[in-house]
Amino acid sequence: MLALRYASVLALTLWVGGLLVLGAIAAPSTFEVLAALPDVADDRVIAGAIFGETLRRFHLVSYACGVLLLGTLLLRRVLGPRPMLFAARLAIAFAMLMSSAYSGLILSARIAAAQAEMGVAPSSLPEGDPRRATFGRLHAMSTGLQLVPILGGLLLLFRELKD
């Protein structure tokens, strides 16, 4: 049981910590460093491509963490004792995985298609351009969906530590 609990805490820590590092450190740093380089044309396009690939790879980590988390919860249920608030924990873990999967598999593809259609950094388009608005909406949805695993993961970590 201890090994299962350890695996779930490890998955939650990697997932939540990774998302926080990506959003708070990796993305801003990538855009700021490339913007500061004098000889780099289309710095925002390059920064977006770099961060997009980083996020694509992290989505794979998120899927693995989600599957591991769900698996450990189910095994703990079967092997007993059943975790407190089992159904709520399972629902939260499932919602975390589904939001990551939707962001990584559907929204990321839509964002990539929007960027390919633009051919330039979205921020270089005029404010009223519908392509910029579409990109902004998709980006906001993707960012917002990442709050589900962050908040859900923090809640599950709290419950795990409280048990």
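In this structure a side-chain-to-backbone donor-acceptor pair under 3.5 Å is present from His59 to Leu55. Of the possible donor and acceptor atoms, none in the side chain of Ser100 sits under 3.5 Å from a partner among the backbone N and O of Leu97. The closest donor-acceptor contact from the side chain of Ser8 to the backbone of Arg5 lies under 3.5 Å. One N or O on the side chain of Arg132 and one on the backbone of Leu125 form a donor-acceptor pair closer than 3.5 Å. The backbone N or O of Val120 lies less than 3.5 Å from no partner atom in the side chain of Ser124, so there is not a single donor-acceptor pair.
Qualifying side-chain hydrogen bond (donor to acceptor under 3.5 Å, both in side chains) partners for Thr72, counting only residues two or more places apart in sequence or in other chains: none.
Residue pairs meeting the salt bridge (charged side-chain N to carboxylate O under 4.0 Å, His left out) criterion with at least one member in residues 80-97, sequence neighbours excluded, are Arg89-Glu160, Arg89-Asp163.
There is a path of hydrophobic side-chain contacts, each under 4.5 Å, that joins Leu12 to Val67. Residues Phe31 and Val45 do not share a hydrophobic cluster, clusters being chains of Ile/Leu/Val/Met/Phe/Trp/Tyr side chains in contact below 4.5 Å.
Taking CD of Glu32 as the reference point, atom CG of Asp43 lies at 11.5 Å (rounded to 0.5 Å).
Contact check for Ser142 versus Ile111: side-chain heavy atoms found under the 4.5 Å cut-off. Looking at heavy atoms from C-beta onward, Phe86 lies in side-chain contact with Pro83 at the 4.5 angstrom threshold.
Of all heavy-atom pairs spanning Phe58 and Leu14, the tightest one is CZ-O, 3.9 Å.
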* Asked: Going through the distances and angles, do Leu156 and Met96 end up as a side chain to side chain contact (heavy atoms under 4.5 Å, CB included)?
  -> CA-CA 11 Å; Leu156 290 177; Met96 290 168 61; 3.8 Å; yes
